[in-house]
Amino acid sequence: MSDESSAVFNDKSLDEPTPAGAPLTAKYKRSFAYDTIKDRLPIIITKIVDHLYRDKNKIIEQFGEETREDIKSLIGSFSKLRNELQTNKPLVPITLGDDADLWNSCVQGGKWFDSPWLLVECYLYRRMRDNIAQSPSLSDFDQFSEQKKSGFAASMPAMKALEAHLNGFISDEPLPDLGKEQFFQLLKVSLWGNKCDMSLSGGEQRHQNLDPIKQLAALEENILCNHLENAWAKILKLNGNSSAIIDIVLDNAGFELFTDLCFADFLVNRQLVSTVRFHAKNMPWFVSDATPMDLFWSLEYLEDHIPELGLRWRSHVHSGRWVLHPSSKSSFWTLPHAFAKMKEVDPDLFNLLSSSGLVIFKGDLNYRKLVGDLNWDPETQLSTALEGCPKPLLALRTLKADVVVGLEKSVIAKMTGNWMVSGEYAVIQLCD
Ligand SMILES: O=P(O)(O)OC[C@@]1(O)O[C@H](CO)[C@@H](O)[C@@H]1O
Ligand SMILES: [Mn+2]
């Protein structure tokens with residue numbers, strides 16, 4: 001590695017379990033939060049520093065000669081950020097951006113290993129943005145863009161396999177049961193697409209190269225709570241209503257985004273809904289999360305590589321059947337808040353989502369925010385943990401953090417090892 005500043009890790013975390021009901025935090029050594037902050041996050045920063053050294057000339061070519069000095073300072077500020085984390089320094093205020101005050105009211109001098117994990121992990125990505133924003137010439141620079149693009153390209157075989165299935169699903173022929181079977185398959189493909197995040201893998205590229213529909217049967221018993229039937233009933237109730245809108249709060253770019261778009265294509269093509277509204281992140285986030293730019297280049301890439309599909313998807317955008325909601329350019333999704341705070345912090349977004357036909361929340365981080373990232377008993381009622389969130393909602397999430405609710409005692413009893421964080425298990429949970 002090109003950057004060798006060896007910070008000494010200041011380890012004062014406690015060797016005892018996280019108390020029941022408390023926010024997850026790296027204060028407790030046995031927690032996944034501790035592993036993440038101690039090991040995974042420094043690796044993610046180191047990878048960016050390496051990228052800045054290695055690809056300096058490419059970045060200068062793209063953003064202009066004046067960025068040469070800015071890249072040097074960025075390497076310095078990212079290395080400093082890693083050092084602050086590894087030596088458990090206080091979280092310093094965010095300096096630039098309309099959301100700085102909101103952020104600073106949450107940060108308030110807490111430290112990396114003592115503060116809530118959700119706050120600290122979100123803060124890391126917000127600080128990266130703050131560092132980048134210091135250099136106006138790099139304001140559009142996405143430190144994870146390379147990884148996201150190569151992950152997308154590497155998933156081409158799986159995308160083509162999925163496209164072949166999708167073409168059969170969206171023909172003009174009527175489908176038995178209004179397409180229930182196909183709805184189930186595409187929703188599950190979108191669920192398992194969430195395995196492909198690059199935060200859990202410490203920034204390692206994740207992609208998919210097998211036929212995703214053929215893998216579904218083997219994964220069936222790994223769905224620990226499955227409200228698919230209820231989700232279908234919910235969608236059918238919207239069916240026939242020409243203004244039926246559903247929202248998808250996206251998670252990762254790359255293969256996961258492709259699966260989400262396949263699902264959204266099916267919904268509008270079979271006229272199960274009239275409009276799908278997407279919500280993306282307004283800055284590079286948790287390595288692989290989709291930004292508006294990621295959506296734009298993904299559609300362009302598909303027009304070049306799978307033209308029939310790419311053009312059809314472009315037409316959904318032009319006709320307004322697919323909408324990228326303005327929340328994708330504002331800050332709520334990149335604040336550290338639990339979604340129970342949405343009503344207070346962003347009432348317009350809360351009202352919009354509460355009047356949606358269904359809000360689909362993709363992925364692990366969204367799930368953590370839905371349930372407040374607390375150390376819940378896994379048997380807790382879904383409705384209790386989701387109190388205050390906009391509904392009706394459907395969470396599609398593979399388990400990659402040690403928090404889950406709404407499971408049956410008999411299911412929990414069968415689980416062993418690191419089932420909560422391995423990404424091998426999933427939930428499909430509807431709360432009406
Ligand atoms: O939200 P995603 O993309 O499904 O997952 C992001 C994620 O892997 O990042 C954290 C580890 O850094 C985990 O808690 C979380 O699961
Ligand atoms: Mn993600």
Side-chain angles (χ1 to χ4, degrees), residues 1 3 5-50 78 81-89 91 110-128 144 147 194-206 224 251-252 285-289 336 363-369 371-378 397-405 412 415-427:
M1 299 231 153
D3 186 77
S5 67
S6 54
V8 183
F9 172 59
N10 175 9
D11 188 357
K12 298 224 173 64
S13 294
L14 304 169
D15 192 11
E16 53 195 66
T18 309
L24 303 181
T25 158
K27 211 188 287 178
Y28 302 103
K29 243 185 210 167
R30 299 181 203 170
S31 65
F32 187 62
Y34 176 80
D35 293 345
T36 299
I37 296 179
K38 179 170 166 294
D39 300 327
R40 210 167 292 112
L41 301 188
I43 293 176
I44 288 171
I45 307 175
T46 300
K47 284 213 162 78
I48 301 169
V49 171
D50 285 349
F78 273 50
L81 178 60
R82 182 182 48 202
N83 186 272
E84 287 173 28
L85 180 160
Q86 291 183 308
T87 53
N88 198 21
K89 292 277 182 318
L91 308 175
K111 294 180 179 175
W112 291 85
F113 283 83
D114 308 342
S115 304
W117 175 28
L118 181 61
L119 169 68
V120 169
E121 200 170 12
C122 292
Y123 171 81
L124 172 72
Y125 293 92
R126 184 61 187 84
R127 269 291 296 283
M128 291 182 183
F144 303 120
Q147 282 148 287
N194 181 243
K195 269 183 158 191
C196 297
D197 91 78
M198 293 191 262
S199 168
L200 187 66
S201 63
E204 278 307 309
Q205 193 224 80
R206 284 280 174 269
L224 304 180
D251 186 1
N252 302 303
W285 197 248
F286 279 65
V287 187
S288 41
D289 281 24
D364 199 78
L365 177 63
N366 278 330
Y367 193 89
R368 288 173 56 193
K369 287 184 164 187
V371 301
D373 219 33
L374 304 179
N375 190 22
W376 292 102
D377 176 342
R397 176 243 187 169
T398 63
L399 277 64
K400 294 177 284 186
D402 43 2
V403 54
V404 65
V405 298
I412 302 165
M415 305 309 293
T416 53
N418 66 347
W419 63 280
M420 278 197 190
V421 299
S422 64
E424 299 300 319
Y425 296 91
V427 290

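Residue numbers start at 1 and run along the sequence shown.
Smallest separation of non-hydrogen atoms from Asn375 and Pro19: ND2-O, 3.2 Å. Between Pro378 and Ile412, the shortest heavy-atom contact is CB-CD1, 3.7 Å. Residue Ser13 comes nearest to Ala26 through the heavy atom pair OG-O, 2.8 Å, listed as atom of the first residue, atom of the second, then distance. Summarising the geometry of Gln147 relative to Gly203, their closest heavy-atom pair is NE2-O, 2.8 Å, with the distance given to 0.1 Å.
Counting only heavy atoms from C-beta outward, the side chains of Asp402 and Ser31 approach each other to under 4.5 Å. Inter-residue side-chain proximity for Met198 and Ile44 is flagged as unmet; no heavy-atom pair is nearer than 4.5 Å. Side-chain contact between Thr25 and Asp114: absent, with no pair of heavy atoms (C-beta onward) separated by less than 4.5 Å. Contact of the Phe32 side chain with the Leu200 side chain is registered, since non-hydrogen atoms from C-beta on lie closer than 4.5 Å. With a 4.5 Å cut-off on side-chain heavy atoms, Val403 and Asp373 count as touching. Residues Leu91 and Trp112 are in side-chain contact: their nearest non-hydrogen atoms beyond the backbone lie under 4.5 Å apart. Annotation: side chain of Tyr34 is not in contact with side chain of Asp39 (no heavy-atom distance under 4.5 Å). Side-chain contact between Leu224 and Leu399: present, with at least one pair of heavy atoms (C-beta onward) separated by less than 4.5 Å.
In this structure, CD1 in Ile43 is found 12.5 Å from CD1 in Ile48, a value given to the nearest 0.5 Å. The NZ atom of Lys195 sits 10.0 Å away from the OH atom of Tyr425 when rounded to the nearest 0.5 Å. Here Phe113 contributes atom CZ and Lys29 contributes atom NZ; the two are 10.5 Å apart, rounded to the nearest 0.5 Å. Ser199 OG to Arg40 CZ: the interatomic distance, rounded to the nearest 0.5 Å, is 7.0 Å. Distance check: Asp50 CG to Ile45 CD1 gives 12.0 Å after rounding to the nearest 0.5 Å.
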Output a table of donor-acceptor pairs, distance under 3.5 Å, between side-chain atoms of residues 115-124 and any protein atom two or more places apart or on a different chain; print 'none' if there are none.
| residue | atom | partner | partner atom | Å |
| --- | --- | --- | --- | --- |
| Ser115 | OG | Lys111 | N | 3.2 |
| Ser115 | OG | Lys111 | O | 2.7 |
| Trp117 | NE1 | Glu121 | OE1 | 3.0 |
| Glu121 | OE1 | Arg368 | NH1 | 2.9 |
| Tyr123 | OH | Val92 | N | 2.9 |
| Tyr123 | OH | Val92 | O | 2.6 |
| Tyr123 | OH | Arg127 | NH1 | 2.8 |

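Legend: residues meeting salt bridge (charged side-chain N to carboxylate O under 4.0 Å, His left out) with Arg126, ordered by chain and number and at least two apart, are Asp99, Asp130. For Phe286, the ring pair (Phe, Tyr, Trp, His ring centres under 6.0 Å) partners two or more places apart in sequence, or in a different chain, are Tyr125. By the salt bridge (charged side-chain N to carboxylate O under 4.0 Å, His left out) test, Lys400 pairs with Asp197, sequence neighbours left out. Scanning for salt bridge (charged side-chain N to carboxylate O under 4.0 Å, His left out) contacts around Asp251 gives an empty result, with sequence neighbours left out.
Remark: side-chain polar atoms of Asn194 are not paired, donor with acceptor, to backbone N or O of Arg397 under 3.5 angstrom.
Within the structure, every pair that satisfies the salt bridge (charged side-chain N to carboxylate O under 4.0 Å, His left out) test and touches residues 14-27, not counting sequence neighbours, is listed here: Asp15-Arg30.
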Residues Tyr367, Thr398; criterion side-chain contact (heavy atoms from CB on, under 4.5 Å); working and verdict = CA-CA 9 Å; Tyr367 193 89; Thr398 63; over 6 Å; no
